[in-house]
Every structure is written in C-alpha cells, then in structure tokens.
Amino acid sequence: MEKYNHKQIESKWREIWEKSGIYNTDLASKDPKFYNLIMFPYPSGEYLHIGHAYSDTGADVYGRHKKLNGYNVFMPIGYDAFGLPAENYAIKAGVNPKESTASNIEHAEKQLKSWGCSFDWSHKMTTSAPSYYKWTQWLFLKLYEKGLAYQKEAPVNWCPECKTVLANEQVIEGLCERCDTEVVQKNLKQWFFKITDYADRLIKDLDKVDWPESSIIKQRNWIGRSEGVQFNLKVKSEKLKVEEEVEVFTTRIDTVFGMTYVVLAPEHPLVEKITVTEQKKAVEKYLIQAQKLTEIERQSLEKEKTGVFTGAYAINPFNNEEVPIWIADYVLYGYGTGAVMAVSAHDERDYEFAKKYKLPIKESVAPYTKFETKPGKETEVRDLAIAVVRNPKDNKYLCLKWKQTKWQAFPSGGTDGEDIVTAAKREVLEETGYKNIKFIKKFRNTIFEEFYRPHKDSNVIAHSIYSLFELENDERQEVAQKEKDQHEAVWVKEEEVENFLNIKHLKIFWRSLQAGEEMPFTDPGKLVNSGEFSGLFSDEAKKKMAEWLKKKGFGRRKINYRLHDWSIGRQRYWGAPIPIIYCDKCGAQPVAEKDLPVKLPENVKDFKPKGTGKGPLASVKEFVDTRCPYCGGKAERETDTMDTFVDSSFYFMRYPSVGDDKEMMKPNVTKEWLPVDMYVGGAEHVTMHLLYARFITKALFDMKMINFDEPFLKLRHQGMILGPDGKKMSKSKGNVIIPDEVIREHGADAFRIYILFMGRFEDGGPWNPKGLVGVKRFLEKIWKIGLDSRRSLSAEGIPASAGMTKEGGDDNMGSWPKISNMEIQAKLARTIKKVGADIEDFKFNTAIASLMKFSNVLQEEKNPISKGDFEKLIVILSPFAPFMAEELWEKLGHKDSVHVQGWPEYDEKLIKEETVTVAVQINGKVRDQLVINAESEEDEILELAKASEKVQKYLDDAEIKKVIYVPGKLLSLVIS
RNA sequence: GCCGCGGUGGUGAAAUUGGUAUACACGCUAGUCUUAGGAACUAGUGGGGAAACCCGUGGAGGUUCGAGUCCUCUCCGCGGCACCA
C-alpha cells in the first residue's frame, strides 16, 4: 500500500493550489461574505516563530470551516514592514532597511506558504511600499484637516538608545519596549493624534463587539475614565500681588471637609508664583532633586514620599479653612490639573505623606454598614460603647456569644449619658463579670451600624465608638441571670477574631488595631464633621457637593482619562514621512493630496538616528528642501516619520482595495467587506494596535468615509506558546522554536493538528513535541482506512476476509459498502455536529479529539464505512489537515477540491441515542448504572432501580424520602 | 497594591455550564506479530484495598439530594496596570 508521504503530498498541493488560486477570493461574488483576518506579520529579520503559526492555523481552520459552510471567505495577508525593529535589524546588518526588509519578507513568505493556510496572496501588501504609505500619509492629512492631528511642545518619552520618541504604550516599566533602555523625559515639539477626543466612545462602544471579556476590561482600564469634580481654591501667599487660584481634581469630593493640605506637582506653574521667600531655597532644592529622578525612580512604590512646603495656603471653599500648599512628586503633572486636595484620613497616599510631615488628619467620612432590619419596627439612634478587651498574656479577645441569635460580638452597650470609656467598662462588668480592665485607647472613628435587635424587638442605628482595654487580672463577679440567659463570654484568639465576629465590615478598625495606628478609611460611608452635608452618604454627598460648587461658581463635574493623546512622530528613517511642509511665511502646511506619496528617499547613506531630536531625514537636503504648497516659496519638509502603529491602524480597510491607486478604500467593496468579521491575534496588542485601529475607524466614520464605527466585530486571542523550558521564547534565552523543522519532519498537517490539539487555543503553554507521534498515528490511521483495500468490502457488502484478495494493488481504494452500519452512521453524525460546533467556539482541541475518537471506532469496527460517509469524514477533517484531505479526496476519484465542498449534513434522528446509561445515586453516591431505553419514564426507571441488586443493598429497611430524576442522565434517591 | 486568568492522573488536557470526574492524546505495563524496531495491533493504566468498599479536581469551610463547576476565606502560578487623586 502506498505510504503516507507528507513531503510529496504537501509540495504537490501547494503548487497546485498556488496555480489555481483556489484561495484567492472573488470579492464580487454573491455568496455571503466572511472577512477572516489575522494580524499581519512583522518581518523583522527573525524567523516567524511558532506563535505566528499557531495563531494563523487557528484562524485558518475557522475560515475553512466558514468556507465549507457556504461563505465567501477572505483571508488576506501582508506585511507590517516599517518601524524600529526592522530598522534596528538593518543597522546591525549594515544594510539599507529596504533591502533587509525585502529579504526578510521573502523568507517569511516561504514560511507562511508552508503552513497550508488559505491566504489570499493576490491582495498582498507591504506597509513600507509607497503604494501603501501613500495612504498612511493621506490618513494623516484627513486627520489634520479635522484637527485630530496637531503639534505641541510636550514632555515626551525619549529612548536614548533608539534615539526617538515613544508612545506611552511603548514604555514598559520605564523601559523602552524594544531595547529595554531606560526612557527619559524630554521636551520636544511633537505630532499627536487626538485619541482622547474619542475616549468616551472607545469605552462605550466596547458594548458592541464580541471580544474576550478580559480584553474589553483591559482597554477600559487603559482608557481609565474617572468621574469627579474640578474646583478652585483661593491661594493666600505674601508673594502674590494679584489673586490666584489653584484648581484641583478629585473623585472624592465627599471627603472635602477632611482636606488638610493641598499638593502641587513639581512642574506646576503656580509653584514659582506662590512660594514665599522663606521657603524659596528649600523649594528650589526640591525641584532640582525631583527633576533628576528618572521616571522609574519617581514611580517606584518603595520610594518614600517626599515634598516641601511652599509657605502659601489655599482656602477650602466649603468651610473657608486655610490649608498649607505643598509640593510633592507623588502628584503627577500629566494627570488631572496637576494639583490635588489632600485628605489624609481617607486616602492612602495622602495619609502616608501626612504621617511623614506631621500634617493633621481629619475624619469626614465614617464607615457605615447596614445589616438586616425589620421594616415597620421602631428605629432608635443610639451611641454605643464597644469594649475591646485584650488579654495580654495569651493575646485573646473577650467576645460574647449570643444565645437567641447568631450574634458573636464584643461586649457593648448604650452610653446612657456616661462617657464612652466608663460605659464600656460598665458593660464589661455587667455582661462578663470582669472587674479589672485597663483603658488603653479610644478609636478615633465613629462606626455606624444599622441592625435589628431581637431582644428588644426594634431596629437601631448605632454610633459605635470602640475602646481598647487590657485585662489586668481574672477577678470576676457573678453575672446576673438575665445577662447569662442572653449570652456567654468567650475568649477568642487574635487570628480568629475576624472570622468569629464576622467583622469584615470593620476591617478598617481591625487593621488599625493590629497596626497600632489608625489607618485611612478609603471606602464610601456616611459624612461626619462636614457642615450642612453631615449625615449624607458618600453617593448623595458627591452629587450635592458638585451642585453646590457649581452654584457658587467654584467648580464643576469633570471626567478625566488616563489615556493621553497618541504621540506619532518618530525621529527615525524607516517610516512614512509626515506630509507637512514648513514655510517661513505660511507656517506648517499640509502636502497637497495630489503630491502624495511623499517618498522616503532611498539612497540615504546614513540613516542611523542622530539623537539631536531630529531624524536622519533632516540631513538629506534633497528631501528637506521644497516649495511651500501655499505660496510656492522656499520651504522645508517635516523630517519625522510616523509611528508604525499608524500603518497598522487601517491596513484591514485597505486590503479589499489593494491595487486601487485612486482611493484608499473603494466605496462599494468597502461597504460590502467591512467591518472585519473575525480577527485573530495576540492579546499583547489590546492596548496598542487594537485601540488605535478603533480610534482611526471612528475618526473615518465621523468623516463619513465608512459606514461602520467598530472595525473588528469578533476578536479571539491565541495563547502564548512558551519555549520548552516554560519561559517566554526569546533569542537571548535560546529557546525559540521555529515551525519549519517540525513541518519538514512531520508535515504541515501533523504540525497544524498537534499545535491545536495541545490545549485550549487561548491558553498556549510550553512547547513539547512529545505528543506529535499521537497525531501522526491518527493521520496514518485515516490514511490507511482510506487506502487499505483489505478493510474494504466488495460492492455486495461481503467482507474482504470472506474471500477477496488480501493484497489489492497499490492505490486501489478497493470497493466500499453501500451504506455504513447504523453504529457508524450515528457516530459520524455526532462527530460532524461536534466538530462543527467546536470549531465555531474555537475549541479546536476537542474537535480534534472527537475526530480521533471516530477514527478509533472505524479501526475497531469490523464492518467498515461507506464511501460516502468516509468522504464526509474527509471533508470535516479538511480544515485541520488540508493537504492530506485533498490527496485522499483526489484518490477517492474527485476532480474538484475538497476545500470547496459543503459541510456534510447529518440526520438529527441518528444523533439521538436509543439506549442511555442512567446512573443511580443513593444519597449522592453512584451505586449502579442502568442501561435503559431512552424513552423510558421516571416510574419505569425507579422500578428498575429498585430491582437492582446493588441498589437493594442500600434500600433494605430504609425509606425513600425523595427521588430526583434527570432525564437520560441520572436517578438520585435520598433515603433516611 | 489593584484588575484579569488559571491550579484536575506520571504528562498535555476533557467535563454538554449544578448531574456518572479524568474524554482524546502522550507515557507506562503486559501480550500478539516480527531477524530486529523509536513500527503496527490487542488489553490494562487516578490512589488505597484480596474484596465489599473507601479516598480523590491546591487548602479550609458553606449551600445542595448532588459541587471541578456556586458562595466565603486562604495558598500558589501566570498576564496586565501601577502614586491616575
């Protein structure tokens, strides 16, 4: 029999497919469209690694399944070829990036073609080609027209190694994402895209897409919307001649009565104006010190907070109190107003700072917990003294276990006009009998608790004040019977108190007690010491206080975002030049559309970055010198190029229109083919590429150039394939696996199946080729079933063993039975259903498992499968093993391709099991299994179960109290 | 610290979403065939026990007739964010 030779088969079909263009999509076809997109590869000089193959294969299986289901599937491919990594590679190799990119692409293409993916190569494009970046520049002009591209002097992230500006998203823990160099801040005039204008819609429209929930959350957090108020405080400083105000942003206006100082970021413009003479020296010293710190040092959490007093004061508009104004670098100039109101009692950072500089701490919000109350009953408001008695000898706490209710609590009671400490002491004596306890301290915060008291049949709102005592000795007096009936005193170990008393809601109190100092309370609660707002809950207070500020003209509601505008200028050679011309007379002028593309000069000898703040293009005279498009006078070109993420923010819109030199997007084709139906790629792109692409889409939507405002309807991520050592693959660790060798040895089909079989698509994990043999066996099994004539029947259905020649000729498919036996028909139907459903869910691993299971059935089965049914198997196998499926399809006598067939139909009736196995549980444990007719009723099954020997053993003199029947699954008996 | 994901046999992993835990595969053990096999096939394979049974999804509680799945707490691993007021 002909052996399965993957090399021969795969190269044969690769060639045939390429010639016939079977995967080239007719975009004008009437079939329903399906835009199946993968994130296009970045040919940086490394081989495409196993992660690319993984992602593309998953997407390909999905796309092939769609195709078999009648969709006109478009799976284009191209190269993201501009940008830093490609350029750095070229510099290292000592060649022009254009050359190295071309050879990198050539190599990547070989790899991509070996994977057997149904890419449409006829729509290929490369972002570094003038025919592409013409549209990158065009996009820039459109955004410029709408005021969404602008220039400003701004502190930017500067990588001294790459000698360029980086977007915030490209700075990872203070280091350059490409070369791990420490990023520094530099003030430069920079081009930005105004993505912040879209912040709200970028959050809101996440509702419209089918994306992994975790990615939606990641984007939402990245944009970081927070609602608050912004308001002004008058500044008092001997230095000021005119009145000044400081504006602050807060999300916790409800804590404003607790403000004890104000902090300005060191860069804040007011710093200079308000600092008093006396403090001038100290402030200057601090500013110099702050400036020296790098971004990482400044942001490191371990670093103790530092700051300096300006000598000036701000006036809290709510109570006209004067509070000192400090400067501290824990306040960021880039967020909000660069100034904050500090409330040390209710904010961790302010608390830490206040503690260090001995600034006052003032409570304005108290914890409030509402427990179950009984509506209709009288509600009493009471001051409650709570006694926390600690035994210093064994570190246990005195608690009460209530008898009528489930309460477990500290001794406590109403104050009845006494002072808190006296009341607490008295309660301990009355309730527990302990005579000698020593007062240690009183907890600062009042804690509100609302609950129902069964022993008094009323509700109470308790204003609880906690006091700490230490037990001096064991001396006790007799406890009154009345008290004894209600509760019993117990000593609880410190580590058990939290659970015993169920005081989760008192966490702040308990933590403070343990820390030996009172920690800030940062949750919402009930306002205290807050003038007319006292008594309100945080929620209402926020509203009322915002209204109050607005009415008085001090401030307003404000929404702030963590997201910054997208800095897109790069002082590098290998990118699309920004199409702007600077004229002495007319200023910055956009290049006319008809003059696009502004070509990147090719014969540049020195394209290395200079580190001067200007890119290498600045020294190419022929490039720089030009004419003003407005007045025609002498002018100079912008020499920055665009961030690569601009290239990739619209490529998916360009694909269907590739080849059109007049328009970026042909209206008809675009309307038909976009948005993208399925997008597959890595989760590492969520806060960069995916966010930028959504922004650009919305901007173009607003310009009425497209009729959709979300580019990717469905998104799926592949997991990360790690090196065999379980670590992230990297060249330096020497653990990079490239798929080429695996494919050479085992074939693309085996590789595709194995990589998808390893685990859940979105999980990934360490690469371990051990299991590949199993997949190989599976493929060879199918191959044999298809080819081995010994397994086949004569046309009359007589088994081969009954007389047919044992050895058929090579390539003889033998003859097939007219129909498969019922068992096989049923199992095939189930397999078709399961595989289809699993692919749709991206559960490729279980789809493959069910194919394997079915192939095992065929192998064990003495009566083989009919030709028609075997063909169905080949069709559902074809997305996973496109080469072998095609070869077998041909061997079965077909002239057309297996990849253009229809997904096989199956009879739902076949799927229903005739008999089912029902488990019989007794008190939750499986005791027997019954094989019964699937149609059986509960009564019948119960009788059968009772008749079972195994069940009877348990039923002896026991009474069946309850019967639960889950149809076709299990019968659960509860017996006494 | 915050947000998200995960922890199941010797290994990679399944589990219809509250219904017989370990499908499928690797590995291992035994056997068949073979001159031989890193081949193929057959049988077995969570742990304990001779068996009846008992125990088992990181750990501790809870809800339920029934929990890998839900709730509370906790430990560990991974990813993201990180002084965002």
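Values reported hereafter were calculated over all heavy atoms of this structure, with side chains retained and with hydrogens, waters and symmetry mates removed. Order of the sequence lines fixes the chain letters, A, B, ..., with proteins taken first and strands second; residue numbering starts at 1 for each chain.
Using a 4.0 Å heavy-atom cutoff across all strands shown, K843(A) reaches sugar-phosphate atoms only and no base atom. Within the nucleic acid shown, N768(A) has no heavy atom closer than 4.0 Å to any nucleic acid atom. Contact annotation for R225(A): no contact, since no heavy-atom pair falls under 4.0 Å across all strands. Counting any heavy atom pair closer than 4.0 Å across all strands shown, K961(A) reaches no nucleic acid atom.
With no hydrogens or angles considered, no side-chain donor-acceptor pair links N560(A) and S226(A) at under 3.5 Å.
Taking atom P on both nucleotides, U20(B) is separated from U57(B) by 16 Å, rounded to a whole Å.
Listed nucleotides: G4(B), C81(B), C83(B). Nearest to the side chain of W222(A): C81(B). When the nucleotides U42(B), C53(B), C3(B) are ranked by their closest atom to the side chain of N221(A), C3(B) comes out on top.
The base of C81(B) is not paired with the side chain of K218(A) by any donor and acceptor separated by under 3.5 Å.
Ring geometry for F751(A) against W767(A) counts as tilted: the plane angle lies between 30° and 60°, on a 0 to 90° scale.
Taking a pair to require two hydrogen-bonding distances under 3.5 Å in either a Watson-Crick or a G-U wobble arrangement, C41(B) pairs with G31(B). Nucleotide C83(B) forms no Watson-Crick or G-U wobble pair with any nucleotide shown, as no partner meets the under 3.5 Å limit on both distances.
Contact between the side-chain N/O atoms of R220(A) and the OP1/OP2 oxygens of C3(B) is not found at any separation under 4.0 Å.
Taking the six-membered ring for Trp and the full ring otherwise, the centers of Y357(A) and Y261(A) sit at least 6.0 Å from each other.
In terms of position on RNA chain B, the residue among G764(A) and M341(A) whose nearest nucleotide sits closer to the 5' end is G764(A).
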Please encode protein proximity along nucleotides 19-26 of chain B as a string of B, S and -, counting only heavy-atom distances under 4.0 Å. BB--BBSS
Please set out all donor-acceptor pairs under 3.5 angstrom arising from side-chain atoms of residues 841-851 of chain A, sequence neighbours excluded.
from: T846(A); atom 1: OG1; to: D838(A); atom 2: OD2; distance (Å): 2.8
from: T846(A); atom 1: OG1; to: K843(A); atom 2: O; distance (Å): 3.1
from: S850(A); atom 1: OG; to: T846(A); atom 2: O; distance (Å): 3.4
from: S850(A); atom 1: OG; to: A847(A); atom 2: O; distance (Å): 2.9

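Atom CG in D763(A) sits roughly 14 Å away from atom P in G79(B) (whole-Å rounding). If you measure from atom CG of L756(A) to atom P of A14(B), you get 13 Å, rounded to the nearest angstrom. In this structure, the CG atom of D841(A) is 13 Å from the C1' atom of U17(B), given to the nearest Å.
Applying the side chain to side chain donor-acceptor pair (under 3.5 Å) test to residues at least two apart or on different chains, the pairs with a partner in residues 336-346 of chain A are T260(A)-S344(A).
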